[in-house]
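Let me begin by presenting the structure, written as structure tokens, before commenting on it.
All ligand and atom numbering here is 1-based and tracks the order in the structure. This is a predicted model, so every value here is computed, not measured.
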Amino acid sequence: MDVMVHSSSFLLPKIHQPAKTPANNYTLVVLNQHLPRFMPRLWAHAKLRICADGGANRIFYEMPQMTNDQDCETTRNRYIPEIIEGDMDSIRPEVKRFYSNQGSTISDKSHNQETTDLHKCISSIRHRTPSHEKSDLCVLVTGALGGRFDHEAANINVLYVFSDMRIIFLSDDCLIQLLPKTHQHEINIESSVEGPHCGLFPIGAPSTSTTTTGLKWNLSEAKMRFGSMISTSNIVDSEKVTVQSDADLLWTISLRNLT
Ligand SMILES: Nc1ncnc2c1ncn2[C@@H]1O[C@H](COP(=O)(O)OP(=O)(O)OP(=O)(O)O)[C@@H](O)[C@H]1O
Ligand SMILES: Cc1ncc(C[n+]2csc(CCO)c2C)c(N)n1
């Protein structure tokens with residue numbers, strides 16, 4: 001079974017980032033929730049930036065408070081998403097007008113009320129990415145966690161729908177991602193920015209055998225399912241964590257107080 005290597009090096013300042021890993025070649029998706037404190041850094045290093053519908057309001061109204069620019073206008077002119085995607089029922093008219101005039105592509109999918117704006121964004125990223133670049137692509141998503149529980153459930157479902165893509169949800173407090181059962185996983189812990197708290201569990205299908213190394217409470221061919229045992233409030237105990245499972249698992253790790 002192939003090994004998939006993971007790293008949160010996108011959270012490091014640029015000078016500390018290793019040259020070419022999937023984590024440094026990412027598309028940023030901004031959802032309609034409060035921006036995380038490290039948004040300016042994520043934005044600066046992204047290869048492509050997509051706002052999901054009302055996510056554009058967050059960039060327009062919240063970004064000016066997160067930078068040291070002299071005035072609002074300077075910030076707004078600096079942070080222009082390449083694409084705004086979704087059913088356009090939450091983006092404000094003045095925000096849509098502003099970014100449209102600045103050259104953002106407005107991808108209006110108001111006819112589709114079957115999938116969420118995040119689903120539309122990920123689907124569009126998949127279509128835009130040439131096959132030979134797919135394995136290198138990482139998608140960082142802000143605003144997927146916290147807030148309305150139906151939105152959160154839909155967001156997590158997107159991780160499962162697109163389980164062959166590297167998608168990472170980031171909040172101020174933690175990150176989460178899916179570890180597909182098709183691979184063994186090697187997670188390099190960036191201890192200056194993440195840990196020590198972590199969790200590992202299946203949602204949906206149970207796991208009859210999960211084995212880990214590098215955790216304080218390791219699993220050895222352990223069974224996990226909701227309604228029985230799941231691993232939460234675990235602690236990373238090594239610079240490298242390995243995971244092998246017969247089920248897709250969610251991996252979550254706490255983020256330190258970065259600026
Ligand atoms: N409170 C929230 N909690 C978690 N995710 C959210 C929340 N609000 C928005 N999102 C995410 O941001 C995306 C864009 O948000 P937006 O408010 O534009 O959605 P929407 O389609 O108007 O949702 P709805 O009509 O259900 O309120 C959503 O698809 C969802 O992924
Ligand atoms: C069974 C079922 N439940 C809910 C919706 C509604 N819905 C799901 S995603 C979406 C778009 C949100 O931007 C909407 C309105 C549906 N279509 N089918």
Less than 4.5 Å apart, any side-chain heavy atom of [X] and any of [Y]?
{"X": "Arg166", "Y": "Met4", "answer": "yes"}
{"X": "Asp2", "Y": "Thr182", "answer": "no"}
{"X": "Leu255", "Y": "Val193", "answer": "no"}
{"X": "Pro81", "Y": "Val30", "answer": "no"}

At less than 4.0 angstrom from any non-hydrogen atom of [X], what atoms of ligand 1 do you find?
{"X": "Gly146", "value": "3 (N), 4 (C)"}
{"X": "Leu118", "value": "29 (O), 31 (O)"}
{"X": "Gly54", "value": "18 (O)"}
{"X": "Asn155", "value": "4 (C), 5 (N), 30 (C), 31 (O)"}

Would you give the length of the straight line joining atom [atom1] of [X] to atom [atom2] of [Y], rounded to the nearest 0.5 angstrom?
{"X": "Tyr79", "Y": "Glu62", "atom1": "OH", "atom2": "CD", "result": "13.5 Å"}
{"X": "Leu159", "Y": "Leu118", "atom1": "CG", "atom2": "CG", "result": "8.0 Å"}
{"X": "Cys121", "Y": "Ile167", "atom1": "SG", "atom2": "CD1", "result": "11.0 Å"}
{"X": "Leu250", "Y": "Leu178", "atom1": "CG", "atom2": "CG", "result": "6.0 Å"}
{"X": "Cys198", "Y": "Asn234", "atom1": "SG", "atom2": "CG", "result": "4.5 Å"}

Who's the nearest protein heavy-atom neighbour of [atom], and how far?
{"atom": "atom 19 (O) of ligand 1", "value": "Asp117 OD2, 3.2 Å"}
{"atom": "atom 17 (O) of ligand 1", "value": "Asn32 ND2, 2.9 Å"}
{"atom": "atom 22 (O) of ligand 1", "value": "Ser90 OG, 2.6 Å"}

May I ask which of Asp87, Asp89, Leu31, Asp53 has a heavy atom nearer to atom 25 (O) of ligand 1 than the others do?
-> Asp89
Which of these, His151, Met88, Arg58, Gln113, has its nearest heavy atom closest to atom 7 (C) of ligand 1?
-> His151
Would you say Ala154 contacts ligand 1, with heavy atoms under 4.0 Å as the rule?
->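 Contact absent.
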Does ligand 1 have any atom that is closer than 4.0 Å to a heavy atom of Gly143?
->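 Yes; Gly143 lies near enough to ligand 1 that a heavy-atom distance drops under 4.0 Å.
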Atom of Ser220, atom of Thr211 and distance for their closest heavy-atom approach = C-OG1, 4.0 Å
How about Arg78 and Thr74: does a side-chain donor come under 3.5 Å of a side-chain acceptor?
->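 No, no side-chain donor-acceptor contact under 3.5 Å.
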Would you mind telling me if ligand 1 is within reach of the side chain of Leu145, the backbone, both or neither, using heavy atoms under 4.0 Å?
-> neither
Is it the side chain, the backbone, both or neither of His119 that has a heavy atom closer than 4.0 Å to ligand 1?
->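 Answer for His119: neither.
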Between Lys216 and Asp237, is the closest basic N to carboxylate O distance under 4.0 Å?
->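 No, no charged N to carboxylate O under 4.0 Å.
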I'd like a table of the close N/O pairs between ligand 2 and the protein (anything under 3.5 Å), one pair per line with both atom names and the distance.
residue	atom	partner	partner atom	Å
ligand 2	7 (N)	Gln113	O	3.3
ligand 2	13 (O)	Asp87	OD2	2.8
ligand 2	17 (N)	Gln113	O	2.8
ligand 2	17 (N)	Glu114	OE1	3.3

Do any nitrogen or oxygen atoms of [X] lie less than 3.5 angstrom from nitrogen or oxygen atoms of ligand 1?
{"X": "Arg148", "result": "yes"}
{"X": "Gly147", "result": "no"}
{"X": "Thr116", "result": "no"}
{"X": "Ala52", "result": "no"}

Partner set under side chain to side chain contact (heavy atoms under 4.5 Å, CB included) for Arg126, not counting sequence neighbours =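 For Arg126 the side chain to side chain contact (heavy atoms under 4.5 Å, CB included) partners, ignoring immediate neighbours, are Lys134, Phe162, Asp164, Met165.
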Quick one: does NZ or CZ of Arg76 land under 6.0 Å from the six-membered ring centre of Tyr61, within 45 degrees of the ring axis?
->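 Ring-cation test returns yes.
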